[in-house]
Amino acid sequence: MAEFDLIERIRRRAGVRDDVVLGIGDDAALLQPPSGRQLVVAMDTLNDGVHFPRGTAPADIGWKALAVNLSDLAAMAAEPAWCTLSLSLPDADAGWLDGFLDGFLTLADAHRVALVGGDTTRGPLSVCVTVHGLVAPGRALRRDAARVGDAVWVSGTLGDAAAALALLEGGAPVPAALRARLDRPVPRVALGAALAGQANACIDVSDGLLADLGHVCDASGVGIRLHRDALPASAGLRAAVDGEALARCQASGGDDYELAFTAPAARDDAIRAAAAAAGVAVTRIGDVVAGERVRAFDADGAEWQPPARGYAHFHRDA
Ligand code: ADP
Ligand code: MG
């Protein structure tokens with residue numbers, strides 16, 4: 001199958017939107033942004049064996065490639081609109097492409113995102129997506145807006161994806177619920193939108209909670225105190241790991257794609273209401289303080305330092 005046939009296969013299935021003046025097929029797409037809104041642009045690449053385990057199902061790769069990008073828009077409180085897709089494929093495999101599109105376009109349709117262009121080349125398996133979203137001026141949530149006295153919150157639960165990867169790499173069976181968090185992250189788009197005007201700073205948790213909140217501290221010129229025992233965990237994670245390993249997955253594991261955000265402590269009720277309206281659980285996990293980094297504390301007040309242990313040691317049977 002030639003490059004043109006692959007592109008035609010993509011074009012036939014790509015969604016439509018009224019504001020796409022010209023989509024796949026010309027040298028570039030023509031888009032009509034609504035007046036009075038800012039364009040929000042993000043790009044993320046997924047490489048085989050780095051951002052997803054080798055052998056991941058094509059539909060899961062497709063889903064995740066878009067999901068991680070939508071997560072960046074969610075963290076900015078942007079409404080997704082359009083995307084482009086650069087595919088580097090070892091062979092022109094129509095079956096693989098169809099599976100990939102199943103996952104990619106299911107998520108695109110759910111968020112009314114139109115695939116308007118891209119690039120298709122031969123090379124090692126790699127998927128790069130650019131998403132374009134819209135936000136009203138001044139409404140975007142940024143990393144540099146945390147203030148001393150804010151409460152720190154996180155959506156959903158943390159650590160499932162990291163535990164799944166650790167189990168996989170250790171050769172252990174991976175519970176389906178944990179594997180799903182690794183392969184099919186759910187971008188918190190509705191929550192991000194609901195937090196606009198309520199939260200101060202926001203970031204999506206892709207590299208691990210401590211690392212990502214560290215970016216908020218750097219950008220905002222503040223410190224953060226976290227309560228280790230407050231970090232939310234799924235039942236599946238609690239069943240798979242415990243103790244230090246559990247906390248390490250939650251605090252330092254990657255691929256969560258939850259939103260971590262700060263908001264004035266007086267707005268706790270408004271934050272809970274916004275989260276309830278978005279259908280996502282949120283947990284208050286700490287406070288913004290004067291300082292410059294993220295520190296985590298146990299219930300007894302002792303500072304907790306995540307141990308420098310590898311993922312392979314996380315499983316309690318290891
Ligand atoms: P050019 O050589 O002019 O860059 P291409 O042959 O790369 O054109 O692309 C032809 C059309 O197909 C363009 O509209 C491009 O955006 C689209 N396209 C190519 N690859 C993809 C892809 N992976 N996903 C979506 N659209 C694609
Ligand atoms: Mg091209």
Side-chain angles (χ1 to χ4, degrees), residues 1-34 37-74 76 78-134 183-187 189 204 206 255 257:
M1 178 166 286
E3 174 194 340
F4 173 80
D5 299 317
L6 290 175
I7 296 172
E8 178 55 22
R9 240 176 153 84
I10 297 170
R11 191 195 60 75
R12 279 205 305 266
R13 294 182 59 183
V16 291
R17 279 172 65 105
D18 291 346
D19 52 14
V20 179
V21 181
L22 189 58
I24 294 171
D26 212 310
D27 290 312
L30 284 176
L31 310 172
Q32 183 60 63
R37 297 182 79 189
Q38 291 176 335
L39 199 52
V40 186
V41 182
M43 172 194 271
D44 257 322
T45 300
L46 265 57
N47 291 330
D48 189 21
V50 179
H51 300 94
F52 53 86
R54 274 182 210 281
T56 297
D60 291 335
I61 298 170
W63 174 286
K64 188 169 184 176
L66 184 58
V68 302
N69 278 279
L70 292 179
S71 180
D72 284 323
L73 290 189
M76 303 300 290
E79 176 195 335
W82 314 293
C83 66
T84 53
L85 168 64
S86 176
L87 275 177
S88 166
L89 303 174
D91 353 81
D93 180 338
W96 189 95
L97 180 66
D98 288 345
F100 175 90
L101 291 173
D102 288 344
F104 189 95
L105 295 176
T106 296
L107 186 61
D109 292 347
H111 290 277
R112 297 190 54 251
V113 175
L115 175 58
V116 298
D119 201 20
T120 305
T121 56
R122 185 183 298 274
L125 178 56
S126 175
V127 183
C128 180
V129 174
T130 303
V131 284
H132 302 74
L134 301 164
D183 291 338
R184 296 241 172 183
V186 177
V189 174
D204 73 316
S206 52
D255 269 358
Y257 302 103

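Start at 1 and go down the list; that is how both ligands and their atoms are numbered. Atom set for the values below is all heavy atoms of this structure, side chains included, hydrogens, waters and symmetry mates excluded.
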Whether Glu3 lies under 4.0 Å from ligand 1, heavy atom:
yes
List every atom of ligand 1 that sits less than 4.0 Å from any heavy atom of [X], numbering the atoms from 1 in the order shown and giving each element.
X: Asp119; answer: 7 (O), 19 (C), 20 (N), 21 (C), 22 (C), 23 (N)
X: Asp27; answer: 3 (O)
X: Gly117; answer: 16 (O), 24 (N), 25 (C), 26 (N), 27 (C)

Report yes or no: do Asp91 and Trp96 form a side-chain donor-acceptor pair below 3.5 Å?
no
Does the Asp119 side chain pair with the main chain of Ser86, one donor and one acceptor, at a distance under 3.5 Å?
no
Nitrogen or oxygen atoms of Gly25 and ligand 1 under 3.5 Å apart:
yes
Below the 3.5 angstrom mark, is there an N/O of Ile10, backbone or side chain, next to an N/O of ligand 1?
no
Which part of Val116 is near ligand 1, with near meaning a heavy atom under 4.0 Å away: side chain, backbone, both or neither?
neither
Under 4.0 Å, heavy atoms only, figure out whether ligand 1 is touched by the backbone of Thr120, its side chain, both or neither.
both
Is the closest side-chain heavy-atom distance between Thr45 and Ser126 below 4.5 Å?
yes
What do you reckon, is CZ of Arg112 surrounded by more than 12 foreign heavy atoms closer than 6.0 Å?
no
Can we say Asp183 and Lys64 salt-bridge, meaning some charged N sits less than 4.0 Å from an Asp/Glu carboxylate O?
no
